[in-house]
Asks: 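The structure follows.
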Amino acid sequence: MSSAAALLLRPTSATAHPLLHMSSASPNPKYRFLRFRPSRRRLPVPRLSLTPTTASNNSPPSPPHPDASPAPPAPPTPSLFAKWSPPRAIWRGLSALLLAGQVFHRVLTGRVHRRNLLAQLRRVGPGSAGVALLTAAFVGMAFTIQFVREFTRLGLHRSVGGVLALALARELSPVVTAVVAAGRVGSAFAAELGTMQVSEQTDTLRVLGAQPVDYLVVPRVLACVLALPVLTLISFALGLASSAFLADSVFGVSVSVILESARRALRPWDLISSLLKSQVFGAIIAVVSCAWGVTTHGGAKGVGESTTSAVVVSLVGIFIADFALSCLFFQGAGDSLKYAMG
């Protein structure tokens, strides 16, 4: 018998190997056959990884699976100004310019809501007349106190009326009226439109088929442009009357002397320039207030900030425009006081 057969027929104990046990088919324990006994221990099974492995440099790349989905595209590289946004002041300034262009186009094409225009005219004109006239009267009297006594001591009492008329017509009346309108009307415009913006009422107008610029902005701008010149004329008349009354009652300068001096000093261009200034100031107040109102966000706090900012920007715009228009209108003026002295 060969050595392999001798190894298989070699007697062994049942506990010699955990995987083997003796067969009981042969009665002779010497020639019992060996039989594998299944083990209860689970052998480790190698796991298959679904992650593609990198092939070696010598082996060719494997072709893609036909059912495999294409790889997603790489994300775009962010540019330098991807997360940059302009400052809020610049953004609002651009929105004011855009809104002014839209209003100008609507007015040229006749797209004006007349009912809203009449309501805003009553609000800007008669609604602001009391405050504007009271302010103009006290400004005229304060201006009279400052220099009438000095002119009287110098013997120039005949030129007092001309100085008062020129100061009120060229500068004080349009500027003071515009400041009052910015504080009263401009703040109201910014607060109203800001509240409508944060409460989404402007979106409701768009859903109903109405353009917010036609319905809300254009009537307010036209009302300020048309009503401020009238307020300026009334303020000029009341300021000159209060100045003449104070000069006559306190400093002894006759009212007739003041009015005659004012008549000789004033030229039609002085009043026309005052009206033009008032129209420019009214447009600045309305456009800035409406632009700041429609760009409001942040709830009640944003409405308050927009209202305050609109008034401040309107006042700064009024003073800058007044300087520019004064340089444009009165660059060659200089003989008015000579005519006022007779």
Side-chain angles (χ1 to χ4, degrees), residues 88-108 120-121 124-125 128 131-132 135-136 139-140 143 165-190 193 217-236 239 266-295 306-333 336:
R88 193 174 184 183
I90 298 177
W91 171 55
R92 277 184 158 173
L94 295 176
S95 65
L97 293 177
L98 180 61
L99 191 64
Q102 291 180 350
V103 170
F104 185 72
H105 179 263
R106 260 70 170 188
V107 172
L108 289 181
Q120 296 303 325
L121 279 174
V124 178
S128 304
V131 181
T135 306
V139 167
F143 191 72
L166 291 176
L168 289 172
R170 292 181 178 181
E171 294 297 330
L172 292 179
S173 294
V175 172
V176 170
T177 305
V179 169
V180 172
R184 187 186 184 279
V185 179
S187 60
F189 288 172
L193 296 183
V217 180
V218 175
R220 285 170 167 81
V221 176
L222 283 181
C224 286
V225 171
L226 296 177
L228 248 65
V230 179
L231 286 178
T232 301
L233 283 178
I234 300 175
S235 299
F236 166 72
L266 284 177
R267 294 291 180 268
W269 177 244
D270 296 327
L271 296 178
I272 293 174
S273 64
S274 179
L275 299 181
L276 293 177
K277 280 186 176 183
S278 299
Q279 288 183 330
V280 174
F281 296 161
I284 291 174
I285 293 170
V287 170
V288 170
S289 301
C290 294
W292 262 240
V294 298
T295 55
S306 296
T307 303
T308 306
S309 178
V311 174
V312 173
V313 174
S314 298
L315 293 178
V316 174
I318 287 170
F319 296 136
I320 293 175
D322 178 60
F323 170 75
L325 294 175
S326 297
C327 292
L328 180 63
F329 292 158
F330 308 112
Q331 189 68 32
S336 297

Asks: Locate the shortest heavy-atom distance separating Pro174 from Ser278; write the atom from each residue and the value.
Replies: CB-OG, 3.8 Å

Asks: For a quick check under 3.5 Å, do Ser309 and Trp292 share a side-chain donor-acceptor pair by atom type?
Replies: yes

Asks: Applying the side chain to side chain contact (heavy atoms under 4.5 Å, CB included) test to Val103, which of Leu222, Leu98, Val217 qualifies?
Replies: Val217

Asks: Just so I know, are the side chains of Phe319 and Val179 near enough to count as touching, which here means a heavy-atom distance under 4.5 Å?
Replies: yes

Asks: Report, one line per pair, each donor and acceptor closer than 3.5 Å where one atom sits in a side chain of residues 279-289; sequence neighbours left out.
Replies:
| residue | atom | partner | partner atom | Å |
| --- | --- | --- | --- | --- |
| Ser289 | OG | Gly186 | O | 3.2 |
| Ser289 | OG | Ile285 | O | 2.7 |

Asks: Quick one: closest heavy-atom pair of Ala182 and Val311, and the distance?
Replies: O-CG2, 3.8 Å

Asks: Identify the heavy atoms of Val131 and Thr135 that sit nearest to each other, and give their distance.
Replies: O-OG1, 2.7 Å

Asks: Find the distance between CZ (Arg267) and CG (Leu166) and round it off to the nearest 0.5 Å.
Replies: 9.0 Å

Asks: To the nearest 0.5 Å, tell me how far Leu276 CG sits from Leu328 CG.
Replies: 10.0 Å

Asks: What's the shortest heavy-atom distance between Gly125 and Leu231, and which atoms?
Replies: O-CD2, 3.8 Å

Asks: Between Ala178 and Leu228, what is the shortest heavy-atom contact and its length?
Replies: CA-CD2, 4.3 Å

Asks: Looking at Arg170, is its backbone amide N or carbonyl O close enough to the side chain of Lys277 to form a donor-acceptor pair, meaning the two atoms are under 3.5 Å apart?
Replies: yes

Asks: Could you go through Ser128 and Val185, starting from their C-alpha distance and side-chain angles, then the distance that decides it, and tell me whether this counts as side-chain contact (heavy atoms from CB on, under 4.5 Å)?
Replies: CA-CA 8 Å; Ser128 304; Val185 179; 3.4 Å; yes

Asks: Under 6.0 Å between the ring centres of Phe329 and Trp269?
Replies: yes

Asks: Answer yes or no: is there a donor N or O on one side and an acceptor on the other, between the side chain of Ser273 and the main chain of Asp270, under 3.5 Å?
Replies: yes

Asks: Step by step, would you call Leu99 with Cys290 a side-chain contact (heavy atoms from CB on, under 4.5 Å)?
Replies: CA-CA 8 Å; Leu99 191 64; Cys290 294; 3.9 Å; yes

Asks: Can any side-chain N or O of Ser173 pair as donor or acceptor with the backbone N or O of Leu168 at less than 3.5 Å?
Replies: yes

Asks: Any side-chain heavy-atom pair from Ser326 and Glu171 closer than 4.5 angstrom?
Replies: yes

